[in-house]
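My questions all concern the structure below.
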Amino acid sequence: MNIPFLDGWRKRHGLSHGAVSPDVADRDPEGLAELLAECELLRAHAESAGVALDDAPSSLEELDQLQPRWRDDPELLPWLGNDAGLYLGTVVVRTVRGAGWWLRQDGQPVVRLASGREIDVVEAGRTWAADGAPELSQLYAEIAEV
């Protein structure tokens, strides 16, 4: 995927795990949303288990039902959790009115609701991947009712 605004920033700052320059959200919010929605590792794991991730809330329920085989791999666990959080955020941004991606000063993506509340979906995804609780569908339900 070609996202021009990231090329210059990468050359100047390098990339840290999951971090993106905070000014990216202002310069190209659609490009940022596209980048964060990729979640390639999670999508590959889900597809191999017969789960289609269509960015709908019902797909979060299907993810919650997957056998957590990734917990046996300490190298895979944080990456899959990161993707799970970004996928949760993608579903929220695409289905909850007024929700959008926001980058904290440290470059960590969060979802900001119309109310101004920020949800650290990456941390939520990592917790889900490690413990299975709270479930992604439960988190979505709590976020969507606000």
Side-chain angles (χ1 to χ4, degrees), residues 1-96 99-113 117-144 146:
M1 170 176 29
N2 181 22
I3 303 179
F5 62 82
L6 283 179
D7 292 337
W9 186 83
R10 283 182 176 143
K11 288 176 187 171
R12 288 190 311 275
H13 302 287
L15 282 178
S16 64
H17 179 65
V20 181
S21 174
D23 67 334
V24 168
D26 294 333
R27 292 175 49 200
D28 188 0
E30 290 177 16
L32 176 64
E34 183 181 333
L35 174 69
L36 297 176
E38 284 186 358
C39 315
E40 290 181 32
L41 181 62
L42 180 70
R43 289 181 189 277
H45 271 279
E47 184 178 324
S48 71
V51 173
L53 298 184
D54 59 1
D55 301 346
S58 59
S59 64
L60 296 170
E61 294 173 14
E62 293 182 60
L63 281 175
D64 288 335
Q65 301 305 312
L66 290 179
Q67 290 291 336
R69 293 187 179 103
W70 59 82
R71 290 187 190 141
D72 297 332
D73 186 342
E75 290 184 25
L76 179 63
L77 182 67
W79 294 102
L80 192 91
N82 190 74
D83 273 11
L86 294 176
Y87 183 72
L88 170 63
T90 296
V91 173
V92 170
V93 167
R94 292 186 177 169
T95 62
V96 175
W101 286 107
W102 185 259
L103 297 173
R104 295 187 316 211
Q105 282 303 108
D106 64 0
Q108 182 70 24
V110 295
V111 170
R112 183 176 280 177
L113 303 177
R117 178 178 167 214
E118 291 182 2
I119 296 106
D120 187 343
V121 290
V122 172
E123 182 59 35
R126 290 179 183 160
T127 301
W128 171 83
D131 302 329
E135 293 181 335
L136 297 174
S137 58
Q138 177 186 353
L139 288 167
Y140 175 82
E142 292 171 9
I143 293 166
V146 173

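In what follows, residues are counted from 1 in the order of the sequence shown. When reading the values below, keep in mind they use all heavy atoms of this one structure, side chains included, and skip hydrogens, waters and symmetry mates.
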**Message:** Are Leu60 and Leu139 packed together at the side-chain level, in the sense that at least one heavy-atom pair is separated by less than 4.5 angstrom?
**Reply:** no
**Prompt:** If you count the non-hydrogen atoms of other residues, nucleotides and ligands that lie under 6.0 Å from CD in Glu47, is the total more than 12?
**Reply:** no
**Prompt:** Among all residues two or more places apart in sequence or in another chain, which pass the salt bridge (charged side-chain N to carboxylate O under 4.0 Å, His left out) test with Glu61?
**Reply:** none
**Pairwise side-chain contact, Val111 with Trp101, heavy-atom cut-off 4.5 Å (strictly under)** = yes
**Message:** Looking at every heavy atom in both Ala84 and Leu42, which two are closest together, and how far apart are they?
**Reply:** CA-CD2, 3.7 Å
Tabulate below the donor-acceptor pairs under 3.5 Å that side-chain atoms of residues 128-135 make, not counting sequence neighbours, or state none.
unit_1	atom_1	unit_2	atom_2	d
Trp128	NE1	Asp64	OD1	3.0

**Leu63 side chain near Leu88 side chain, heavy-atom distance below 4.5 Å** = no
**Complete:** Those residues at least two apart in sequence (or on a different chain) that pass side-chain contact (heavy atoms from CB on, under 4.5 Å) with Val51 are Ala46, Leu53, Glu62, Leu66
**Arg71, CZ atom: more than 12 neighbouring heavy atoms under 6.0 Å** = yes
**Request:** Looking only at non-hydrogen atoms, find the nearest pair between Asp120 and Val110 and report the distance.
**Result:** CA-CG1, 4.0 Å
**Pair listing, salt bridge (Lys or Arg N to Asp or Glu O under 4.0 Å) test, anchored in residues 74-93, at least two apart** = none
**Item:** Spacing of Leu113 atom CG and Ile119 atom CD1 [to the nearest 0.5 Å]
**Value:** 3.5 Å
**Prompt:** Any idea which heavy atoms bring Pro109 and Leu36 closest together, and the distance?
**Reply:** CB-CD1, 3.8 Å
**All pairs passing side-chain hydrogen bond (donor to acceptor under 3.5 Å, both in side chains) where residues 85-95 contributes a residue, at least two apart** = Asp55-Arg94, Ser59-Tyr87, Thr95-Tyr140
